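Structure first, then comments.
All of these numbers come straight from a predicted model, not from anything done at the bench.
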Amino acid sequence: AVLAISSVALLLLSLSGLGSTTGAPNLKDLSDTVMHLTQQLQNIGVIEEKNIHELEELEHQLDETEIELAWEKQHVDSQKETQQMMHDSMLKQILKDQQVIKDTSNEASNAGRKIHRTQAELEREQRENAH
C-alpha cells in the first residue's frame, strides 16, 4: 500500500514537471523526497507491526495473569473456607468439652454431697449404737 501511494505520487510529480524546462532538476529533488518519505512510511509500518506484535504478546500475558489470579483467588477462598470450617468444628468441640466439664463438676459435687450425707448418717448411727 505504501509503495503504491509513493508510485502514484511520483507519477503525479513527473507529469507536473514535464511542461517546464526548469522542472527537471526539481523533479529529481521531488523524486528523492518521495523515495525518502516512502522509506519513512515503510519504517513506520515496520514499527507499527512490531508494536502490534508486542501488544498482542502483552494481551496474551495479561490473559494468562488473569487466569492465574483467578486460580489464586479460588485457592485462597478455598483455604479461608477450610479454616472457617476448622474454626467452627473446634468451637463446637470446645463447647462440648466445657459442657462435659460442667456436667462432671456437677456430678462430683453431687457425689461429694452424697458422701458427706452418708458419712454424717453413718456417724449418727454409730453414736446411737454406742449409747
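Rounding to the nearest 0.5 angstrom, the gap separating the CG atom in Asn43 from the CD atom in Gln39 is 4.5 Å. Considering CD of Gln83 and CG of Asp88, their distance stands at 12.0 Å, rounded to 0.5 Å. Here the CG atom belonging to Leu62 is positioned 10.0 Å from the CD1 atom belonging to Ile67, to the nearest 0.5 angstrom. Within the model, atoms CG of Asn51 and CG of Leu58 stand 10.5 Å from one another, a figure rounded to the nearest 0.5 Å. The distance from the CD1 atom of Ile52 to the CD1 atom of Ile47 is 12.0 Å, given to the nearest 0.5 Å. Taking CG from Leu55 and CD from Glu48, the interatomic distance works out to 11.0 Å, rounded to the nearest 0.5 Å.
Listed by first and then second residue, the salt bridge (charged side-chain N to carboxylate O under 4.0 Å, His left out) pairs involving residues 53-64 amount to none (not counting sequence neighbours). Residue pairs meeting the salt bridge (charged side-chain N to carboxylate O under 4.0 Å, His left out) criterion with at least one member in residues 72-87, sequence neighbours excluded, are Lys73-Asp77.
Looking only at side-chain heavy atoms (C-beta outward), Asp32 and His36 stay at 4.5 Å or farther from each other. Side-chain contact between Thr118 and Lys114: present, with at least one pair of heavy atoms (C-beta onward) separated by less than 4.5 Å.
Remark: side-chain polar atoms of Ser78 are not paired, donor with acceptor, to backbone N or O of Gln74 under 3.5 angstrom. Between the side chain of Ser89 and the backbone N or O of Met85, no donor-acceptor pair lies under 3.5 Å.
Every salt bridge (Lys or Arg N to Asp or Glu O under 4.0 Å) that Arg124 has, sequence neighbours left out, goes to Glu128. With sequence neighbours left out, His60 forms a ring-ring contact (aromatic ring centres under 6.0 Å, His included) with no residue at all. Applying the side chain to side chain donor-acceptor pair (under 3.5 Å) test to Glu121 and every residue at least two apart in sequence or in another chain returns nothing.
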Table please: side-chain donor-acceptor pairs of residues 91-102 below 3.5 Å, with sequence neighbours left out.
unit_1 : atom_1 : unit_2 : atom_2 : d
Gln93  : NE2    : Asp97  : OD1    : 2.9
Gln99  : NE2    : Asp103 : OD1    : 2.9

